[in-house]
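The next block holds one structure in the form of structure tokens; read it before the comments.
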Amino acid sequence: MMAFNRRDFLKIAGLSAAVGLGGQTAWELLLPGHLDAAEMPAASGLTAKRWGMALDVKKFTPAVRQACIGVCNQSHNVPKIDSKQGLKWIWEAGYEAAFPDLEAEYVEDEIKEMPFLVMCNHCDNPPCVRVCPTKATFKRGDGIVMMDMHRCIGCRFCMAACPYGSRSFNFHDPRKFLPDPAPNKDYPTRTKGVVEKCTFCTERLAVGKLPYCVEASQGAMLFGDMSDAGSAPRKALRTRYSIRRNAALGTNPQVYYLI
Amino acid sequence: MATQTPKPQEILTTLGHQPPSENWMDTKPEFRPGMYCHPVKIASLEGMGGKYAREWAPAEPDWKLPADWKGIVKEGLKDRLNRFRSFQVFMDICVRCGACADKCHFFIGTGDPKNMPVLRAELIRSVYRGEFKTAGKILGKLAGGRKLTEEVIKEWFYYFFQCTECRRCSVFCPYGIDTAEITIIAREIINLLGLQIDWIGTPVNACYHIGNHLGLKPHTFKENIEYLLSDVEENVGITIEPTFNRKGAEILFVTPSGDVFADPGIFTCMGYLILFEHLGLDYTWSTYASEGGNFGFFTNNETMKRLNYKMYAESKRLGVKWILGGECGHMWRVVHQYMDTMNGPADHLEVPKNPLTGTVFANARSTKMVHVTEFTADCIKHNKLKLDPSRNDHYTVTWHDSCNTSRGMGFLEEPRFVLNSVCNNFVEMPDTTIREQTFCCGSGSGLNAGENMEQRMRGGLPRANAVRYVHEKHGVNLLGNICAIDRASLKPLMDYWVPEVAVAGLSELVANALIMEGENARSTNLRGEEINDLREEAGLPPIDFPDPDEEGGGEEGDE
Amino acid sequence: MLEKALQGEPRYWGWLVLLLVGIGAGFGAYSVQYQQGLSITGMSRDVSWGFYIANFTFLVGVAASAVMLVLPYYLHHYKTFGRITILGEFLAIAAVTMCILFIIADLGKPQRVNNVLLHPTPNSVLFWDMIVLNVYLILNLVIGWTILGAERKELPPPKWVKPLIYLSIPWAVSIHTVTAFLYAGLPGRGFWLTAILAPRFLASAFAAGPAVLILLAMLVRKLTKFDAGKEAIQTLAKIVTYGIILHIFFFFLEVFTVAYSQIPSHLTHLKYLYFGYHGHGGLVPFMWTALFCGFTAITLLVVPQWRKNEGLLGIAAVLTFICTWIDKGMGMISGGFVPNPLHEVTEYAPTGLEMLVTLGVYCVGALVLTVLYKVAITVKEYEELGGAAPAPH
Amino acid sequence: MSFIFSIIAVTALVGVALAGVALDLRYFMAVVLPYAALATFVLGVAYRVLKWSSAPVPFRIPTTCGQAKGLDWVKTNKIDNPCSTGAVLARMFLEIFLFRSLFRNTRMEYREGGKVRYGSSKWLWLFGLLFHWSFLIVVLRHMRFFFEPVPGLIQAIEHADTFFEMGLPLPGPNGLEVSLPLLAQSGVILLAAATFLFLRRVVVPQVRYISLASDWFPLLLIILIAKTGIIMRYVLKVDVVAVKKLTMSLATFHPALPAEPISFMFYVHIVLVCTLLIYFPFSKLMHLGGVWLSPTRNLVNNSREVRHVNPWNPEVHFHTYSEYEDDFREQMIEAGIPVEKEA
Amino acid sequence: MQIKDRPIIIAGILIFLAIFTFPLWSAMGKTAPEPKVELPKDVKECVAPKDYMRTSHMQLLNEWRDSVVRDGNRVFVAFNGKQHNMSLTSECLRCHTDKAKFCDQCHNYTGVNPFCWDCHTYPKESK
């Protein structure tokens, strides 16, 4: 609301009256003041105090996992780059990679063999936000750790800080690896030189929809307000044993894995 | 007159550089004894055909200006605007950035804001605007313009005879505005009113009629040199017999007349004589063209031309091949930048060629005149001189670049080469005070009179300050130079500010170091001073010279 | 005084031209990077910082080491360093300049670098690093230039520099401490997550910086009439001795903690660096070389006769430089990223273009250093010798 | 006084522009005035330079700032003491484009005990250079208003000049938002450098002492031009398309005010710019032309080698040798000096 | 009086005149084509008054950009009370369907190169 308000208009009106400007001239000058506009969230948007997620790991089939990854990449114009300079928003990781601190020689076979879907944990205490020198990555009021691609300077400090490898840097111009036009024209691509990651589909929540992956997971991903004891993830977590990735680091990840 | 000069400490403690609060157009110069020169004698002015010769005094309120003085000045200004592009451009483009302000030795030494080159030029620029420019005529002071009044003329006289045309400001000016050029023209204009100083007017007249500034008539000139030669005979053991006005000589040698007249210039002159004798040069002196300097340069360009004429005329009469010039500053500025234009082309001469080394001085192809220092440098480079620099070991020398040869010619390395060849202890003054940034002696452009001693000492302060710096830091005790005015003016300047430092021309040091055939033990220098006394002063062990009474002199003393 | 840098012998100009060629090559490589993005580097999703940040880290140390001259001279009035303090300060200027250029080269969006100022973020160490580095640069520029200017005028330096000099002493420590904090405060990077990182950085800095200075002083003596003096060089040598010993000592403290505790997330990095991990061991030979150089340097330096031998001292200085450069320029950054928090190994090696950009930055640093040293030494030469040209005989 | 007068003068100019807007003299301000100003500027400058050129350069008087060409083995400073036309061009280039002479600037310090010292002082050089170069770039950037399509060179300059993104909307004065994604550095540098030059004039006593209204006025004018330009770009936005329609109508000699309104700020800006253009040829700003014609900088220092001709070389009387011998013949003979005519 | 360098100076003056009047004579006789902006046919009002949009749309977009990304606002209540989705691609381009016929017209005309399209996508351009 900083740009448009009536007080400024009046101030300028007085000022211009003082220098003897009237009529047309004042109109030109004062146009911004006439914008008595407002900005607000969409009424249909989903809100929460702290968004979070629980993944029911055993419900995932390879097809479901691929569907989740596929829809995310497609909808967010995440290019597929097959090199160590590639980008990942949501991807599969083995048990040892996903949970290195829970290393155990003997665990349930299924768990040990199973690929887990991993993504940004939207930590309640995110190190990436702490280190960002421009507030390009920041935590929203609803707990989502968000990226402002317009502001990122590409220093990659957040990548060093993230203990989950959830962040990707656009080493390349992503459009070179995307079809033209991009798969989802309503979602921007990024430029080379900025960092990106999963955003819990803020653009979907804003219009009352659940994240793409959640929608594609056929119930394997439970998404909801972690501060609401009645939310889907909270209900599941009350009855099921869960683990989190590298919780010992104190980042308080908001993505739970139901075992 | 010297008694009026304040003590160095008085000058140093009262000196400040903050401008006053009132506008500079509202301040007037104070004609305080010691800070200006006497007016020209009537006979001297009239001798050159100058108009409006009269008795007047700068300190008096009435300067008895001619009736139409205003018209004369305006006409003079207009005429020069049309004849000198430099003047016109310099009047128009100064942006008053102030880069020149603290570059002037007179500003540094007096703190008088009108000695800032920019304001010195504004003295005349303001009249140019106020009398010739529409905006200045209408808006007056607001547009930086003012009317021509008697007060303005007095101010011009005061400040344009407090500028030595050294061009130091021009080096720093982003447009190369040269206050020397402005001063030259301003002096021409005030000269039109018969306003001239005697130290310039009288030498000019003498030079024109008698042949040199000092008014040495032909026989006196010759006697003076012969007198120097008797000293040479005593101190070096060599007999020299130069020729005068000799037709058919290969080279005509011209040097400022100060060199044959006054200490320490005479030692430089001895240096030339010894050097030429050693080389066996086929050269002659002239009593007619017995002046290298040109005080006409400090009056107007017509007079400069009239005085300068004699060099080419005499070289033609005597049928020499080329001209060799002595050590002098403004003489060389005139020779370098004006002579050929004024009195050339010198087609009767040949392109100078060193008869000993065969070097052709291509850089003097048109003027046909060579500087004795470049000539000496060429000889040294070709091993034509046997030199023992240790003979000058009792000197720690620093080098004063003369304004004219530095900024009006670019003669910087040749003297240093020679100096390095003839002495072992050479120390430079700080780099902001040498070469193209060198400071004036404070007495150039005809201001080395006696009555303006305070002005000269103040103007020489920056130069003396730099000498004192190297004196205190490195024990410098000799200030070398290649300028007759320097030799005449730096001596009192040093006596005043840094009395421990002596002054010498370069050729004197060359002759001291020169090993001649048939010379004596050289236990004294050209000045007749005992070398061992000097060495003792400098803290050096004595040299075992053979007893001068015994036979067999001429061997070199070894340690 | 800058005009002094515009006068020089053909050798001097030749060197400058050489540096300009290097800068041109670096700039050309950077243009490619600007067009193509950081994809032209060897960096990856897992090793997101590489050669640029490594060299930046190393040079912060070189910059900080100026304090090893400033502190003895100004705090303890150790006169011997009076003649060369300026060399330390000017080395710091060149080093910080390179640091800043390395950071800019490393940015994905250099055109947005203003954002660090436009959106100041005090909780980011990088924000503070930007501040300490820039202030340190300004401090050294102002102090060095003012004192040299005063020396040239043979006047006492103005009073206001004194507090700046005192400020510059803790500030030098701060630049390397804050730079260590860039790494030391990150969860999940076991290699860096250690309180001794800042002391380690400082110890290696106080070895590397003075070692560079010893070499520079020797070079300057060879090329110009200015001699830093045997005593000054020997004192620097002692500082290097302590520095390199502490560097190795701190390294072993780290090794002990990690190896004795056997915590994998800390241990695996050292394993990777010194023995290889999961079949990857690209840095192993370098790391052992560094250790070897470090020990050899210590041997050469602790024996007084050897240290006093300037030939051996020169070798020790070179070895110290190699040891610390490999340690920070190669091991420190890659070691932190490999293995990644997911215990996966992605190795890193700089690409040719990356090295060319790095070369360009080093050439800029060398150019800045050359120009500043040229000015300083010309002033010093005049001050001590009177500056007259040598006799032609 | 001259300072206050200059402040009043520039303020009055702004007032005149505002009054012009209020009285709807837009056509005059945006069409008549620019044509008149440009004509005054180009013809005025050309006339002034032509007038300078009508005065000859009687003598070759370069200020030599380095070793002259002399003996073969002496190293010549070819640029500061130019020995050929090429060297003069190099000297002029350094002087005009890099302010060579100002680069030498020193500052005198007078200390107790009569110590006179000279310190390095390059601030005037640095800010002078920044001022002039950024001004040039600003002018070149404005050429986008006078060409359609915008030439690649102009676009390239604009592109380089706006390399840095501004990145955020800053709250501006009066709560107005200041924003534009791209920050044109030249404009900011121009304003900063001009402000430095202005403050220098105010603060340094010697420079303040020599300053005239003709020093304050153009500086204030340029500062105001820069400020109004910056305000239009970042604060009180102007319809740039309308402006370009206007400027293109001027450039193609089909002058017409565009249908869309243009902010009063534009009229203030253009009145100030036109004032500068008109003022230019009558003022010290002519140093733009004069610097090319300065005889101490644009001549070869070879007057001993090549004769320089003075077109008005005056006819004067000489005291000839025969007159001289007539005066002193007897003494000369007596002293054994050869004479032409024996008694 | 013969002044040798006068021809050079006059040549210099001519070069000066040529450079400073270059925009005039290079466009001599031509009339510059004005930008042809294709306005939506069925929609009369934009999210802000036309004059405001002409001068300050970039400011509005900047504001939108930050508001959406950082504050999660999606809805813009315009001066006329109408609500708009704060989106360049889905709102602005909804009416101004052809970037080439709208945005580029003026941007090219005034030599402005916004970097919106580095990331934001647009429907096929008409070339």
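What you see is a predicted model; the values in this text were computed from it and never measured. Residue numbering restarts at 1 for every chain, and letters A, B, ... go by the order of the sequence lines.
Using a 4.5 Å cut-off between heavy atoms, Leu182(C) contacts chain A through both its backbone and its side chain. For Phe337(C), the part lying near chain A is the side chain, with the backbone staying farther off; criterion is any non-hydrogen pair under 4.5 Å. If you measure heavy-atom distances from Leu186(C) to chain A, the contacts under 4.5 Å come from the side chain alone. For chain C, the nearby part of Tyr164(A) is the backbone; its heavy atoms alone come within less than 4.5 Å. Residue Phe181(C) does not touch chain A at all, counting heavy-atom pairs closer than 4.5 Å. Only the side chain of Arg189(C) comes within contact range of chain A, with heavy atoms under 4.5 Å apart. Neither the backbone nor the side chain of Asn340(C) comes within contact range of chain A; no heavy atom of the residue lies under 4.5 Å from a heavy atom of that chain. Proximity to chain A (any heavy atom under 4.5 Å) is restricted, for Thr346(C), to the side chain, taken from C-beta onward. Contacts of Ser265(C) with chain A are absent, with no heavy-atom separation under 4.5 Å from either backbone or side chain. Using a 4.5 Å cut-off between heavy atoms, Cys155(A) touches chain C through backbone and side chain atoms alike. For Phe157(A), the parts sitting under 4.5 Å from any heavy atom of chain C are the backbone and the side chain alike. Interface remark: Met43(C) contributes backbone and side-chain atoms alike to the contact with chain A (heavy atom separation under 4.5 Å).
Of the listed residues (Thr251(A), Thr191(A), Val195(A)), the greatest number of heavy-atom pairs within a distance under 4.5 Å of chain C belongs to Thr191(A). Residue with the most contacts toward chain A among Gly37(C), Gly188(C), Pro122(C), Ser124(C): Ser124(C) (heavy-atom pairs, distance under 4.5 Å). Contacts with chain A were tallied for Ser44(C), Pro120(C), Pro341(C), Pro339(C); Ser44(C) has the most, counting heavy-atom pairs under 4.5 Å. With respect to chain C, the highest number of heavy-atom pairs below 4.5 Å among Gly154(A), Pro163(A), Ala97(A), Cys132(A) belongs to Ala97(A). For the set Leu126(C), Asp129(C), Asn114(C), the entry with the most heavy-atom pairs within less than 4.5 Å of chain A is Leu126(C). Per-residue heavy-atom pair counts under 4.5 Å with chain C were compared for Lys176(A), Arg130(A), Arg245(A), and the maximum is reached by Arg130(A). Looking only at heavy-atom pairs under 4.5 Å with chain C, the residue among Pro127(A), Pro100(A), Cys162(A) that has the most is Pro100(A). Put simply, of Ala98(A), Pro133(A), Gly193(A), the one with the most heavy-atom pairs under 4.5 Å next to chain C is Pro133(A). For the options Asn246(A), Ile81(A), Leu87(A), Leu249(A), heavy-atom pairs under 4.5 Å to chain C are most numerous at Leu249(A).
The ring of Tyr272(C) has its center no closer than 6.0 angstrom to the ring center of Phe191(C). Between Phe102(C) and Tyr362(C), the distance from one ring center to the other falls under 6.0 angstrom.
Heavy atoms of other residues, nucleotides or ligands lying less than 6.0 angstrom from NZ of Lys135(A) number more than 12. Taking a 6.0 Å sphere around NZ of Lys49(A), one finds it holds 12 or fewer heavy atoms contributed by other residues, nucleotides or ligands. Surrounding CZ of Phe286(C) are at most 12 heavy atoms belonging to other residues, nucleotides or ligands under 6.0 Å away. Heavy-atom contacts from other residues, nucleotides or ligands closer than 6.0 Å to CD of Glu344(C) number more than 12.
Tyr30(C) and Tyr34(C) have tilted rings, their planes meeting at an angle from 30° to 60° on a 0 to 90° scale. Ring pair His76(A)/Trp89(A) is parallel by interplanar angle, where below 30° counts as parallel and above 60° as perpendicular. Using the six-membered ring where Trp is involved, Phe116(A) and Tyr95(A) have ring planes that are tilted, between 30° and 60° apart.
Of the options Tyr52(C), Phe56(C), Phe51(C), a side chain to side chain contact (heavy atoms under 4.5 Å, CB included) to Asp106(C) is made by Tyr52(C) and by none of the others. Checked options Arg167(A), Lys88(A), Arg190(A), Arg156(A); the residue passing with Glu196(A) is Arg190(A) (criterion: salt bridge (Lys or Arg N to Asp or Glu O under 4.0 Å)).
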**side-chain contact (heavy atoms from CB on, under 4.5 Å) evaluation trace for Asn184(A) with Glu203(A)** = CA-CA 13 Å; Asn184(A) 181 1; Glu203(A) 81 281 10; 5.9 Å; no
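The closest side-chain heavy-atom distance from Ile69(A) to Glu92(A) is below 4.5 Å.
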